[in-house]
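We're numbering straight along the sequence, starting at 1. What's counted below: heavy atoms across the whole structure, side chains too, no hydrogens, waters or symmetry copies.
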Amino acid sequence: MKVTTIMFFMLTTLLSVSAAFAQQSGSGASTTDTDPYGWKVNWVPFYLWMSGLNGNVGVRGHMAPVDASFSDVFDKLNIGYMTALDVRYDRVGVLTDLVYIDLGADKAFPNINAFTGAHADVKQFFVDPELYARLFANDRGSVDALAGFRYWHLHNKLRLDPGTLPGFSGDGSQNFVDPVLGARFRLNLQKGWFATLKGDVGGFGAGSELSWQIYSGVGKEFKQKYSLLLAYRRLDVDYRNNGFLFDTKMNGVMLGFAIRLK
């Protein structure tokens, strides 16, 4: 997906949702989360992200496709962890995600003579601080514009089983930083229910060639202090440098628990 296409889609969505919220109010779904004034602190102690992995990974010039579907998550126990902190004063805030994911995938090559199969272990860590401005907020919801960076640490371990060529085993790590632009939307429903959508795009050749993510879900607030979120998340990244390759998409279900500290 081209960068210009993603950015055009995000800008169009940002403007259209802002206009829709501006025309609607008085739903009775009032919540302090979208109150634009004063200090607001929301902490997500943990997210569980049960993610699949599809794409290509490589080290030292050797590459292999990986394909661990969403159903494989439960067999292989591929689980990701994320914690997030959202601190805001009036209409300006900082949203920070910290993510660690450990994924494994096996693939057989019955019709390829060079190698007969591959096993890849992929570990990734990133921290994603983003400064945001609350463009609009009322009892219907809120619209935020975000800008920041995503620091990545990637580690690939690859084993290629011998075929007509001898087998290969190796690993490697890379660290890089992607600038990031994004938007976030929240829609307040009745009786403490809400829907949320967040997307961003980054890289632009500064770190990765391109990275982008989107997640959308529904949640429920309890006692105006706690909330649960069930969402679906997809994260794509295309990074390559000196024989190291990480061109993948990860997607799966997220379950999170949040605490409003202030």
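- Ser211 and Trp152 make their closest contact through CB-CZ2, 4.4 Å (heavy atoms, listed as atom of the first residue, atom of the second, distance).
- Asp178 and Tyr151 share no donor-acceptor pair across their side chains, judged by distance under 3.5 Å alone.
- Across all non-hydrogen atoms, the minimal contact from Ser173 to His155 is OG-ND1, 2.6 Å.
- Of the residues Arg184, Arg260, Lys40, the one that meets the side chain to side chain donor-acceptor pair (under 3.5 Å) test with Asp86 is Arg184.
- Between Lys123 and Asp121 there is no salt bridge, since none of the side-chain N atoms of the basic residue sits less than 4.0 Å from a carboxylate O of the acidic one.
- Every residue two or more places apart in sequence or in another chain that forms a side-chain contact (heavy atoms from CB on, under 4.5 Å) with Gln174 is listed here: Tyr239, Asn241, Phe244.
- A donor-acceptor contact shorter than 3.5 Å is absent between the side chain of Arg134 and the backbone of Val143.
- A salt bridge links Arg186 to Glu221: one of the charged nitrogens lies within less than 4.0 Å of a carboxylate oxygen.
- Geometric assessment of Arg88 against the ring of Trp39 yields a negative cation-pi assignment under the 6.0 Å and 45° thresholds.
- The shortest non-hydrogen separation linking Phe222 to Ser227 is CD1-CA, 4.4 Å.
- Between the Lys262 side chain and the Asn42 main chain, no donor and acceptor come within less than 3.5 Å of each other.
- Counting only distance, with no hydrogens or angles, the side chain of Thr83 and the backbone of Val44 share a donor-acceptor pair below 3.5 Å.
- In summary, the side chains of Arg233 and Gln213 do present a donor paired with an acceptor at a separation below 3.5 Å, with no hydrogens or angles considered.
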